[in-house]
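Contents: one structure, followed by commentary.
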Amino acid sequence: MMIEEKSLNFIEEIIEKDLKSGKYTSILTRFPPEPNGYLHIGHAKSICLNFGLGIKYGGQTNLRFDDTNPTKEETEYVDSIKEDIQWLGFTWARELYASDYFDQLYLFAEKLIEKGFAYVDDSTAEEIATLKGTPTTPGKDCFYRSRSVADNLQLFREMKAGKYQDGEKVLRAKIDMTANNMHMRDPIIYRIKHAHHHRTGDNWCIYPMYDFAHGQSDSIEKITHSICTLEFIPHRELYDWLIEKLEIFPSTQYEFARLNMTYTVMSKRKLLQLVEEGYVTSWDDPRMPTISGMRRRGYTAESIRNFCDRIGIAKRENMIDISLLEFCVREDLNKKAPRVMAVLDPLKLIIINYPEGQTEDLLSENGPEESFGTRLVPFSKELWIEAEDFMEVPAKKYFRLAPGANVRLKSAYIVQCDSFVKDGNGKVTAIHCTYFPDSKSGNDTSGIVVKGTIHWVSAVHALKASIRLYNRLLQVENPSAEEGDFKSYINPQSLQVIDTAYVEPSLLHAPIHSGYQFIRKGYFCLDKDSTATELIFNRTVTLKDAWAKETKKN
RNA sequence: UGGGUUAUAGUGUAAUGGUAACACUACAGAUUUUGAUUCUGUCAUUCUAGGUUCGAAUCCUAGUAACCCAACCA
């Protein structure tokens, strides 16, 4: 068997170097979400990276919730995050919370104060911002910067004890107000928040900032490679400074470029807006780029993992074409999804020479490979076919049904169109055909050659179903590069609901989320909104459609 | 008028001084009882200008462009 030589990404190169040099004997990574929203495809990239590295190098990966801001975080999000990671197929070594470290982090802060590297500042937020300067002008030391260690310690303890109101005081690291790196200009490391925390309740009224929680948590867990996205590069200097001053385990931070995808918004803030303002129904709306939305839409975990693998890991800004994701979904579903027949836009086809009341169960393969197996599909005199499969005046190169034309009914017989019926508005309401009894699928002795094969369902046997067709949520390729509010680029046609579709009876007991190919129409799955009396299918993704392209050209 | 990061096909990712490769997209064509799948083919003087070298995407110099940094968010 050929072993595929795959080149390493820059993080893998670092890890292999660290392992080879003996810097580490095994690696430990972590996935550190803040539980303030649902995970999206961008998180999937990070999950696949972190967990994938753990697996590849025989190490482990922790799941750590970065829950240091009680006003934004909720248990609902914690639960959804765990569900999504598991669904993607990954297992964490330990489930941890930054809030578990609040006692330890507090002690770290006291240590910093004792070493003269932190002070309590009574300034207002505005005063702090003013003295901070700008990227091009240095900041200035504030009056409180020179407080004694003893004073700082007492003040900080009083902050913890609840003596002060929100915003009255903060604890700052004492570094350098003139540093080029804004994050080194005495960053705030603790703030007062009299707020209820989803895990620690009302135990605390001071909470550490990201910079005083993340790296320290990494260090406590002995994370070897702490991988985050590019916008944290300026934080790395502070990350290292704190580890050095605290004299704790030296985790190292590495940064890669986050995922951007065409026709998609990825920020949690924007996704939250879509949910709260009713542009979509929920976080798991199939139009959302969330993992739960994609799952509900019918995307498979494997296709998402493959996608993350193909997009690669690098440090440059990127904009991945969403068609790559769709390719990965089709690629996986093509291998797995049983083929069935469903008619989305029904048109009655009556076979004049087929006996009234007769039914045949026709053998039909469930997929292109033998391993898919077969099933029986009922056939009768009256069928539903797709309205677009008939043209009164056929277009050029159209090889479906038209007056006088022949077509194969998939897994059944060849029929010829004799006539059609129109209503008062000129709309075709039924077509009349004759069938060739000796053209039965698998046993065709008719000698008739047809160019087209179309799908169908038997009218008396069909199940009525409702189908949700999803199109892209945003109409522009890069919504954040456009002028104004991204919501003005929302596609009003992002969801199209078909109430009267007909599907073959084998779909009666379809499991939720399980992918089917509706032949010639795309991949679909049963939605969780379905009931015993109403089948609701989501369109996962269309099939590639060469004919649609052909029609567009003309 | 500061600091940091990045520049390879339409989009991504490789090539680690030695023939610019792979995937997606797009466009042709073959096969097909899904206009699907599958298969075949087409698409680059590596941001620019100099330099080093027998040889440069890779090293050096000088530019240019994009992105990030001034939340008591993460």
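When reading the values below, keep in mind they use all heavy atoms of this one structure, side chains included, and skip hydrogens, waters and symmetry mates. By convention in this document, chain letters (A, B, ...) are assigned in the order of the sequence lines, proteins followed by strands, and residues within each chain are numbered from 1.
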Provide the distance between the two [atom1] atoms, one in [N] and one in [M], to the nearest whole Å.
N: B:A44; M: B:A14; atom1: C1'; result: 15 Å
N: B:U31; M: B:U37; atom1: C1'; result: 11 Å
N: B:A23; M: B:C43; atom1: P; result: 15 Å
N: B:U48; M: B:A56; atom1: C1'; result: 16 Å
N: B:A26; M: B:G10; atom1: P; result: 15 Å
N: B:A57; M: B:C24; atom1: C1'; result: 22 Å
N: B:G2; M: B:C59; atom1: C1'; result: 29 Å
N: B:C60; M: B:U52; atom1: P; result: 15 Å

From [atom1] of [X] over to [atom2] of [N], roughly how many Å is that when rounded to an integer?
X: A:Y413; N: B:U33; atom1: OH; atom2: P; value: 19 Å
X: A:N318; N: B:A7; atom1: CG; atom2: P; value: 12 Å
X: A:I311; N: B:A14; atom1: CD1; atom2: P; value: 12 Å
X: A:E12; N: B:A15; atom1: CD; atom2: C1'; value: 16 Å
X: A:E326; N: B:A36; atom1: CD; atom2: C1'; value: 15 Å

Does A:A257 or A:S441 map to a spot on RNA chain B nearer the 5' end, using the closest nucleotide for each?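 That would be A:A257.
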
Identify, between A:I320 and A:I233, the residue whose nearest nucleotide on RNA chain B lies closer to the 5' end.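 Comparing both residues, the 5'-ward one is A:I233.
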
Is the closest basic N to carboxylate O distance between A:K169 and A:D121 below 4.0 Å? no

Does A:R236 pair with A:E255 as a salt bridge, N-O distance under 4.0 Å?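 Looking at A:R236 and A:E255, the cut-off is met.
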
Between A:W241 and A:F117, what is the ring plane arrangement, given parallel below 30°, perpendicular above 60°, and tilted in between? perpendicular

Given protein heavy atoms under 4.0 Å, the one-letter contact record of nucleotides 63-74 of chain B, with B base, S sugar-phosphate only and - none, is simply ----SSSB-BSB

Expected string for nucleotides 18-29 of chain B under the B/S/- scheme (protein heavy atoms, under 4.0 Å, primed atoms plus P, OP1, OP2 as sugar-phosphate) is -----SSSSSS-

Under 6.0 Å between ring centres: does that hold for [X] and [Y]?
X: A:F232; Y: A:H214; answer: no
X: A:F524; Y: A:F518; answer: yes
X: A:Y106; Y: A:F156; answer: yes
X: A:Y435; Y: A:Y413; answer: yes

Does the side-chain contact (heavy atoms from CB on, under 4.5 Å) test come out yes or no for A:F436 and A:N406, once each step is laid out? CA-CA 10 Å; A:F436 303 96; A:N406 288 337; 4.1 Å; yes

Can you confirm if the NZ or CZ of A:R472 lies within 45° of the ring axis of A:Y263 and under 6.0 Å from the centre of its six-membered ring? yes

Examine A:R191 relative to A:Y207 and say whether NZ or CZ is less than 6.0 Å from the centre of the six-membered ring and inside a 45° cone about the ring axis.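 No.
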
Under 3.5 Å, is there a donor on one side chain and an acceptor on the other for A:Q216 and A:Y101?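 No pair is found: no donor N or O on one side chain lies under 3.5 Å from an acceptor on the other.
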
Would you say A:K335 has more than 12 foreign heavy atoms packed within less than 6.0 Å of its NZ? yes

Take atom NZ of A:K56 as the centre, draw a 6.0 Å sphere, and report whether it contains more than 12 heavy atoms from other residues, nucleotides or ligands.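 Enclosed.
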
Do A:R520 side-chain and B:G35 base share a donor-acceptor contact under 3.5 Å? no

Could you spell out the base pairing of RNA chain B in dot-bracket, with Watson-Crick or G-U pairs whose two distances are under 3.5 Å, [ ] crossing and | to another strand? .((((((..((((....[..)))).(((((.......)))))....(((((..]....))))))))))).....

Let's see if you can work this out: which of [options] has an atom nearest to the side-chain heavy atoms of [X]?
X: A:A314; options: B:A14, B:G35, B:U1; result: B:A14
X: A:P368; options: B:A15, B:U1, B:U34; result: B:U34
X: A:R408; options: B:U34, B:U33, B:A14; result: B:U33

Using only side-chain N and O atoms of A:R316, determine if any of them is under 4.0 Å from OP1 or OP2 of B:U13. yes

